[in-house]
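Worksheet: one structure, shown below.
Per chain, numbering begins at 1; letters A, B, ... match sequence-line order. Predicted model only: the values in this text are computed from it and were never measured.
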Protein chains: 2
Amino acid sequence: MSRAEKKEQTRQALLDATIDLVDDRSFGSLSLREVARGAGIVPTAFYRHFASMEDLGVTLVEDSMRVLRRALREGRRDLVKGGMPTARESLSILLRHVRTDEAKFRFLIREQHGGVTEVRRAINTELRLFSRELAIDLARVPALAGWEADDLEIAADLFVTIMMTAVADLLDGDGRVGTEQALVQRAEKQLVMVILGLGQWRTE
Amino acid sequence: MSRAEKKEQTRQALLDATIDLVDDRSFGSLSLREVARGAGIVPTAFYRHFASMEDLGVTLVEDSMRVLRRALREGRRDLVKGGMPTARESLSILLRHVRTDEAKFRFLIREQHGGVTEVRRAINTELRLFSRELAIDLARVPALAGWEADDLEIAADLFVTIMMTAVADLLDGDGRVGTEQALVQRAEKQLVMVILGLGQWRTE
DNA sequence: GTTTTGAGTGAACGTGTGTACACCAATGAC
DNA sequence: GTCATTGGTGTACACACGTTCACTCAAAAC
């Protein structure tokens, strides 16, 4: 294995170890030594890859966000068509992604309002970008033509909030199936309420 | 000062010190010694008041929740009347409370999805209670008569989510006034969207 | 083939950690 | 007035922490 490959592998091991540890603690409570230990290297070697824990945290946000963006984008394609069945479809796509990348989603949810400023900032910046992206999609929906761009972004923001709340609830809940189903139905109904509200907006 | 009073005072000092420290870090990253130092007592004296940091955390949730409940209840009285101006009113009441009890709200926002299980659980239990309370209020609104109780709770849940998101954004934002105003308007419009959606629910 | 580079090592530092224990001193009960 | 109760103290322990420094030794550059 080449030198660069070996380095990349260790770097990834550090990121993986961090994601593992953050499953039941906050990122800010992790120690550099713990992470290094988890990756199977000596503490001082950590600095060959990241300048600090904060630096690693920001990198981890970009990593995890790539997964979230992919999930939300896929769901988005259907959501903009409006109506109840497509809202359900979008949600189930998202939640399927959550199940296969549980740890990364938990990291994002936990640290969105967490105690490490740079990490928090990175997450919210990315989420805002995504809201704007969704707003642009909404603008292309015929039924929403003539809307203010600002208002569309506000609606998009609310969709994202509902989605993220559903993810948080899913990850927090016990493993029981009934709970999960109820949770999905709730989020779905909330999305529909907003969609119905959109239809009424300045049309009354 | 009586013995019991003196003890209560120290206990409060521990809670205050914790709230202070949590302003820019996560609760899980606090050490017992730090908190004791902040309260002006020696580490071992901590145990005269709380069995552990986790224990203190749960107490702090109850403390802070009392403030949040009062704020949300006050705003609720107007919200259930429906319509745009009352949504604005409810929001401004809440945000005024946030400004006077900033640290406690920040604690709740930060730890709602934070790394300390018991604390997280305590916050979400209380929030769920509040949602249910709001749902009962909604049931008394004539326009919403005939709704399923479950659906009302789902709507109430969404109201609470929007409110909490607004609080989080307010506390995260820089101090600039323009930002704050935009944020309030956004939350207000989101509330209205849901209210409009409620009007359409199974009425189409 | 020789030299340079750099990821990983291991010992050492000063400092902070949670908790155990014996102790003090003032309040409150009798 | 005496004595038990109890919040707070100070010392001590074994351990974990972030960061420093001089080091190895294999891959990459020449």
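With DNA chain C read from its 5' end, the first of the two nearest nucleotides for G40(A) and S31(B) is the one closest to G40(A). With DNA chain C read from its 5' end, the first of the two nearest nucleotides for E34(B) and M1(B) is the one closest to E34(B).
Spacing between atom CG of L21(A) and atom P of dC17(D) amounts to 11 Å, rounded to whole angstrom units. Rounded to whole Å, atom P of dT27(C) lies 12 Å from atom CD of E5(B). Residue Y47(A) contributes atom OH, which lies 16 Å from atom P of dA7(C) at whole-angstrom precision. For E54(B) and dG18(C), the CD to P distance is 14 Å, given to the nearest whole Å. L30(A) places its CG atom 15 Å from the C1' atom of dG18(D), with the value rounded to the nearest Å. Atom CG of D55(A) is separated from atom P of dT19(D) by 12 Å (rounded to the nearest Å). Between the P atom of dT20(D) and the CZ atom of F46(A) lies a distance of 13 Å, rounded to the nearest Å. In this structure, CG of L14(A) is placed 12 Å from C1' of dG8(C), rounded to the nearest angstrom.
The side chain of A45(B) approaches dT9(D) more closely than any other nucleotide in the set dA7(C), dT9(D), dG18(C).
Partner E180(A) forms a salt bridge (Lys or Arg N to Asp or Glu O under 4.0 Å) with one of R96(A), R186(A), R99(A) and no other, that one being R99(A).
Taking only distance into account, the side chain of R3(B) never meets the base of dG7(D) through a donor-acceptor pair shorter than 3.5 Å. Donor-acceptor pairing under 3.5 Å, judged by distance alone, is present between the side chain of T44(B) and the base of dG10(D). For R33(B) and dG16(C), a side-chain-to-base donor-acceptor distance below 3.5 Å is absent, hydrogens and geometry of angles not being considered. Residue side chain R48(A) does not reach the base of dG6(C) through any donor-acceptor N/O pair under 3.5 Å, judged by distance alone.
For the pair K7(A) (side chain) and R48(A) (backbone), a donor-acceptor distance under 3.5 Å is present. Between the side chain of E102(B) and the backbone N or O of L171(B) there is no donor-acceptor pair closer than 3.5 Å.
Nucleic acid contact class of R37(A) (heavy atoms, under 4.0 Å, all strands): sugar-phosphate only.
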Margin query: side chain to side chain contact (heavy atoms under 4.5 Å, CB included), that's the test. Do E111(A) and V61(A) meet it? Break it down for me.
Written below: CA-CA 9 Å; E111(A) 301 304 327; V61(A) 171; over 6 Å; no
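Axis angle between the ends of the helix from dG1(C)-dC30(D) to dC30(C)-dG1(D), five pairs each and rounded to 10 degrees, works out to 20°.
Salt-bridge annotation for R121(A) and E118(A): present, with a side-chain N of the basic residue lying under 4.0 Å from a carboxylate O of the acidic one. Comment: R25(B) engages E34(B) in a salt bridge, judged by a side-chain N to carboxylate O separation of less than 4.0 angstrom.
Using a 4.0 Å cut-off, some side-chain N or O of T10(B) falls inside it from OP1 or OP2 of dG8(D).
Summarising the geometry, atom CE belonging to M193(B) is positioned 12.0 Å from atom CD1 belonging to I195(A); distances are rounded to the nearest 0.5 Å.
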